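Lettering of chains follows the sequences in order, A, B, ..., and the numbering in each one begins at 1. Keep in mind that the numbers below use all heavy atoms, side chains included, and drop hydrogens, waters and symmetry copies. Given the structure is predicted, the values throughout are model-derived calculations rather than measurements.
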There are 2 protein chains.
Amino acid sequence: MTGFDNFFKSAFTVDNVIFGFDEGDLKVLLIKRGEEPHKGMWALPGYFVYPKEDLDTAANRVLEELTGLRNVFLEQVKTFGAVNRHPFGRVITVSYFSLIKIEDYSLQPASIARKAQWHSVAKVKELAFDHNDILSACFSRLKWLVRLRPVGFELLPPKFTLTELQHLYEAILETSLDKRNFRKKILSMNLLVDLNEWQEGVAHRPAKLYRFDPDKYHQFQAEGFNFELKESKRKERRSAGINP
Amino acid sequence: MTGFDNFFKSAFTVDNVIFGFDEGDLKVLLIKRGEEPHKGMWALPGYFVYPKEDLDTAANRVLEELTGLRNVFLEQVKTFGAVNRHPFGRVITVSYFSLIKIEDYSLQPASIARKAQWHSVAKVKELAFDHNDILSACFSRLKWLVRLRPVGFELLPPKFTLTELQHLYEAILETSLDKRNFRKKILSMNLLVDLNEWQEGVAHRPAKLYRFDPDKYHQFQAEGFNFELKESKRKERRSAGINP
DNA sequence: AAGAGAGGGTGTAAGATGTACACTATCTTG
DNA sequence: CAAGATAGTGTACATCTTACACCCTCTCTT
């Protein structure tokens with residue numbers, strides 16, 4: 001080597017913030033640690049990156065081992081490298097966040113997944129390592145992403161109602177939106193296809209179901225849009241809960 | 001240890017994309033490599049992170065050693081970890097970008113800085129390692145940041161004209177803007193203070209000088225704004241040049 | 001079967017913002 | 001003093017954003 005040997009003594013990991021949406025609530029998939037360090041605490045799913053493995057590959061591997069899902073939304077967010085963040089030595093971690101449909105996940109319970117559980121993002125308490133910081137960074141990223149790209153749709157089932165979509169935006173943006181203005185805006189984008197089908201089995205007037213138009217969707221993925229709506233003045237604001 | 005020894009064999013570095021603005025052109029500070037690998041090629045300034053050093057500290061160190069500057073804008077962007085990106089072994093790099101005033105830099109030429117030189121971002125050719133990708137990622141980040149935060153001012157001298165400010169936006173956004181609309185928009189933000197001073201020594205009618213209002217500036221740093229102006233239809237578009 | 005409960009669904013007017021566009025003013029230099 | 005260079009300025013039109021309230025349709029209960 002060349003005198004740099006002292007630098008080749010660190011390890012790195014990926015940690016994955018997996019978001020899902022259910023019952024009007026934004027959730028994150030956490031794992032109860034079965035081993036030291038931080039045994040028994042909730043943590044983000046993650047693992048060491050293998051010597052011959054790319055970062056994105058590692059993040060995908062962690063995601064797939066846990067959820068059985070491939071080819072879902074996954075994006076690098078930020079790298080955390082505080083000197084003493086891991087008791088085994090110098091370990092820096094590259095954080096990723098992904099968006100999945102909870103219903104897809106629950107169909108494929110993998111082996112590790114037994115220790116995994118969905119937690120409401122707003123109610124997450126103390127996590128292992130610096131995982132609260134990581135969650136917080138990824139949640140912020142999701143928050144701005146949702147204004148610029150149609151990411152929301154990664155989180156909903158194939159058929160959804162406008163109210164479900166609105167609740168998703170409200171959960172991510174931690175705000176409340178005006179129903180009429182929300183509908184006007186989202187429908188004017190030509191992003192949604194009216195399925196002419198209706199909800200079933202609900203104890204009220206059933207809502208119309210929509211899906212998104214894949215062409216328009218990918219166009220917006222690439223070009224972005226500007227989704228701005230002021231908080232509605234009439235309802236109360238939803239509250240955060242991360243790092244209070 | 002605990003069976004994880006095999007993972008503690010990698011190294012990590014920081015690489016810093018230092019942007020400056022001069023003569024209507026967005027520049028990046030590059031270093032001609034004096035050693036292998038990639039000896040003789042232009043590269044981003046960077047170095048290994050020391051074993052007891054935080055990532056942000058390392059990035060600041062690299063910046064200060066090169067420019068003599070402290071407390072300037074510096075932000076983490078993305079981590080690159082392709083398996084074979086470095087010939088010495090597994091090295092992942094955390095990229096940062098910073099914004100400095102070129103005039104501040106040129107006052108303090110440090111020792112390493114002898115190999116350093118400003119290059120027009122639009123004309124950068126092949127760089128060492130994967131540094132073209134890193135530059136590209138950081139430039140993209142700057143591009144969206146400039147729409148949401150008043151970062152532009154990190155790059156200009158304390159007193160500047162509206163035309164200089166407009167040229168800065170045009171260089172970053174790679175577009176051209178309508179003069180009247182640009183002025184209307186930027187002045188309506190109450191971000192600028194009219195100094196009642198004028199340019200000197202120019203061969204035409206001198207322009208008024210402005211500075212930014214620090215209170216308003218920090219408010220926008222924290223809250224963000226939405227700087228959108230359509231490309232002017234009258235002039236041609238500036239072109240990019242990165243990864244053509 | 002009638003009423004209560006629970007969301008679903010709809011339009012408009014006023015204000016704010018964005019866009020397109022062209023000419024005069026003021027300075028230096030030759 | 002003319003030419004060259006850039007500074008500086010206003011308006012009309014179109015588009016987008018915001019605030020706001022009521023009736024509709026379904027189920028469930030009694």
Starting at atom CZ of A:Arg180, determine the distance to atom P of D:dT17, rounded to an integer number of angstrom. 17 Å
May I have the distance from B:Phe182 (atom CZ) to C:dA20 (atom C1'), rounded to whole angstrom? 18 Å
Starting at atom CD of A:Glu228, determine the distance to atom P of D:dT17, rounded to an integer number of angstrom. 9 Å
Quick one: A:Lys208 NZ to D:dT25 C1', roughly how many Å, whole number? 14 Å
Just jot down the salt bridge (Lys or Arg N to Asp or Glu O under 4.0 Å) partners of A:Glu228, sequence neighbours excluded, or say none. A:Arg147
Spacing between B:Leu165 atom CG and D:dA7 atom P, to the nearest angstrom: 13 Å
Less than 3.5 Å apart, any donor N or O on the side chain of B:Asp56 or B:Tyr96 sitting next to an acceptor on the other? yes
Can you see if the side chain of A:Arg183 gets near the phosphate of C:dG9 - specifically, an N or O under 4.0 Å from OP1 or OP2? yes
Qualifying residue, where the test is ring pair (Phe, Tyr, Trp, His ring centres under 6.0 Å) with B:Phe212 and the options are B:Phe160, B:Phe220, B:Tyr217: B:Tyr217
Do A:Lys184 and C:dT10 have a side chain to base donor-acceptor pair shorter than 3.5 Å? no
Side chain of A:Lys185, base of D:dT18: donor and acceptor closer than 3.5 Å? no
List in chain and number order the residues that pass side chain to side chain contact (heavy atoms under 4.5 Å, CB included) with B:Lys27, two or more places apart in sequence or in another chain; answer none if no residue qualifies. B:Asp22, B:Glu23, B:Asp25, B:Ile102, B:Trp118
Please name all residues satisfying side chain to side chain contact (heavy atoms under 4.5 Å, CB included) with B:Asp213, sequence neighbours left out, ordered by chain then number. B:Val193, B:Asp215, B:Lys216
Result for 5'-nearest mapping on DNA chain D, choosing between B:Asn181 and B:Glu164, is B:Glu164
Partner residues of B:Lys185 under the salt bridge (Lys or Arg N to Asp or Glu O under 4.0 Å) criterion, sequence neighbours left out: none
Output the rounded distance in Å from CG (B:Leu177) to P (C:dG18). 13 Å
Rounded to the nearest Å, what distance is computed from the CG atom of residue B:Leu229 to the C1' atom of nucleotide D:dT15? 15 Å
Under 4.0 angstrom, heavy atoms only, what part of the nucleic acid is A:Thr161 near: base, sugar-phosphate, or nothing? nothing
Hey, is the side chain of A:Lys179 pairing donor to acceptor with the base of C:dG9 inside 3.5 Å? yes
Taken to the nearest whole Å, CG/B:Asp178 to C1'/D:dG10 is 12 Å
Stretch residues 187-206 of chain B: residues that reach within less than 4.0 Å of DNA chain C through a heavy atom: B:Val202, B:Ala203, B:His204, B:Arg205, B:Pro206
For B:Arg149, give me all partners under side chain to side chain contact (heavy atoms under 4.5 Å, CB included), at least two apart in sequence or on another chain. B:Leu145, B:Val151, B:Gln221
